[in-house]
K.L.:
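Pasting a structure below so you can have a look.
Keep in mind that the numbers below use all heavy atoms, side chains included, and drop hydrogens, waters and symmetry copies.
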Amino acid sequence: METYILNIAGLGRLEIVETYIYYDQPVLFSCKSAAGYLYLAVGADENDQHETWLYVRVSAERLNLIRSGAIDLHDAFAEPEDGFLFQEIVPYDNQTQPQLESIQPDQISEDMLPVPGECLDFEIETFPMLSDAKEIAKSRNQEIL
């Protein structure tokens with residue numbers, strides 16, 4: 001499996017962690033910066049001159065909620081934890097540098113976001129259901145008197 005590394009001015013070196021949608025290239029994926037920040041990224045738009053990508057920084061907990069379908073993909077971008085996200089415009093013309101800007105969610109056209117209700121559906125590890133205080137204490141390596 002090929003490892004994708006992105007170098008994005010303003011975000012740095014990003015390694016793709018998981019690809020959720022692939023169409024000639026990763027289109028929806030999670031990635032991690034060299035500093036350990038997690039991002040969810042989506043190819044949001046394209047025309048004859050450029051592609052537009054959206055990147056939203058997510059905590060590990062939020063990424064797990066997104067992966068499990070508890071948070072839909074639309075809300076992952078429309079309601080970012082930090083209150084903002086990044087928009088990157090990547091020109092097809094190799095002479096022009098990509099542009100990255102921090103934007104507010106209300107600056108995004110609704111047609112650039114995933115469809116409301118569209119979710120990922122990964123099974124993620126969760127803590128087993130514990131039936132009583134002794135089991136809970138045991139799982140925490142504690143004693144109940």
K.L.:
Would you compute the distance between atom OH of Tyr39 and atom CD1 of Ile8 and round it to the nearest 0.5 angstrom?
P.N.:
9.0 Å

K.L.:
Backbone N or O of Pro91 within a donor-acceptor pair of the Glu51 side chain at under 3.5 Å?
P.N.:
no

K.L.:
So, does Ser33 use its side chain to make a donor-acceptor pair with the main chain of Ala35 at under 3.5 Å?
P.N.:
yes

K.L.:
How are the rings of Trp53 and Phe29 set relative to one another: parallel (under 30°), tilted (30 to 60°) or perpendicular (over 60°)?
P.N.:
tilted

K.L.:
Please assess Tyr22 against Tyr20 for the test ring-ring contact (aromatic ring centres under 6.0 Å, His included), listing each intermediate value before the final yes or no.
P.N.:
CA-CA 7 Å; Tyr22 186 95; Tyr20 310 116; over 10 Å; no

K.L.:
Before giving the answer on side-chain contact (heavy atoms from CB on, under 4.5 Å), spell out for Tyr92 and Glu46 the whole-Å C-alpha distance, their side-chain angles and the decisive distance to 0.1 Å.
P.N.:
CA-CA 10 Å; Tyr92 294 128; Glu46 63 180 318; 3.1 Å; yes

K.L.:
Is there a side-chain contact (heavy atoms from CB on, under 4.5 Å) between Gln107 and Gln87 once you walk through the steps?
P.N.:
CA-CA 10 Å; Gln107 294 176 277; Gln87 176 178 275; over 6 Å; no

K.L.:
Take atom CD of Gln104 as the centre, draw a 6.0 Å sphere, and report whether it contains more than 12 heavy atoms from other residues, nucleotides or ligands.
P.N.:
yes

K.L.:
Given the rule that I, L, V, M, F, W and Y join up when any side-chain heavy atoms are under 4.5 Å apart, are Ile89 and Leu54 in one cluster?
P.N.:
no

K.L.:
Decide if atom CD of Glu101 counts as having more than 12 heavy atoms of other residues, nucleotides or ligands within a radius under 6.0 Å.
P.N.:
yes

K.L.:
For the residue pair Glu118 and Val115, establish whether any side-chain heavy-atom pair is separated by less than 4.5 Å.
P.N.:
yes

K.L.:
Over all heavy atoms of both residues, which pair between Ile71 and Ala76 is shortest? Give the atoms and the distance, please.
P.N.:
CG2-N, 4.0 Å

K.L.:
So which heavy atom on Cys31 is nearest to which on Leu14, and how close?
P.N.:
SG-CD1, 3.9 Å

K.L.:
Is any side-chain heavy atom of Leu6 closer than 4.5 Å to one of Arg13?
P.N.:
no

K.L.:
How far apart are the closest heavy atoms of Leu28 and Leu73, and which atoms are they?
P.N.:
CD2-CD1, 3.7 Å

K.L.:
About how many Å separate CG of Leu65 and OG of Ser59, when rounded to the nearest 0.5 Å?
P.N.:
7.5 Å

K.L.:
Do you reckon Leu113 sits in the same ILVMFWY cluster as Tyr23, going by side-chain contacts under 4.5 Å, direct or chained?
P.N.:
yes

K.L.:
With a 3.5 Å distance limit and no angle check, can you tell me whether Asp72 reaches the backbone of His74 through a side-chain donor-acceptor pair?
P.N.:
yes

K.L.:
Rounded to the nearest 0.5 Å, how far does CG of Leu120 lie from CG of Leu63?
P.N.:
9.0 Å

K.L.:
On a heavy-atom basis, which atom in Val56 and which in Phe84 lie closest, and how many Å separate them?
P.N.:
CG2-O, 4.3 Å

K.L.:
Between the side chain of Asp75 and the main-chain N/O of Ala78, is any donor-acceptor distance below 3.5 Å?
P.N.:
no

K.L.:
To the nearest 0.5 angstrom, please state how far the OG atom of Ser109 sits from the CG atom of Asp45.
P.N.:
8.0 Å

K.L.:
Roughly how far, to the nearest 0.5 Å, is the CG atom of Asn47 from the OG1 atom of Thr52?
P.N.:
7.0 Å

K.L.:
With side chains defined as the heavy atoms from C-beta onward, is the minimum distance between Pro105 and Phe77 less than 4.5 Å?
P.N.:
no

K.L.:
Find out whether Leu40 and Tyr55 are in side-chain contact, i.e. whether some heavy atom of one side chain is under 4.5 Å from a heavy atom of the other.
P.N.:
no

K.L.:
For Glu81 and Arg57, which heavy atoms make the closest approach, and how far apart are they?
P.N.:
OE1-O, 3.9 Å

K.L.:
Should Val17 and Val27 be counted in the same cluster of Ile, Leu, Val, Met, Phe, Trp and Tyr side chains packed under 4.5 Å apart?
P.N.:
no

K.L.:
Check Pro80 against Leu85 and note the closest heavy-atom contact, atom names and distance.
P.N.:
CG-CD2, 4.1 Å

K.L.:
Please round to the nearest 0.5 Å and tell me the distance separating atom CG of Leu38 and atom CD1 of Ile66.
P.N.:
10.0 Å

K.L.:
With the side chain counted from C-beta on, respond yes when Glu88 and Leu100 share a heavy-atom pair under 4.5 Å apart, and no when they do not.
P.N.:
yes

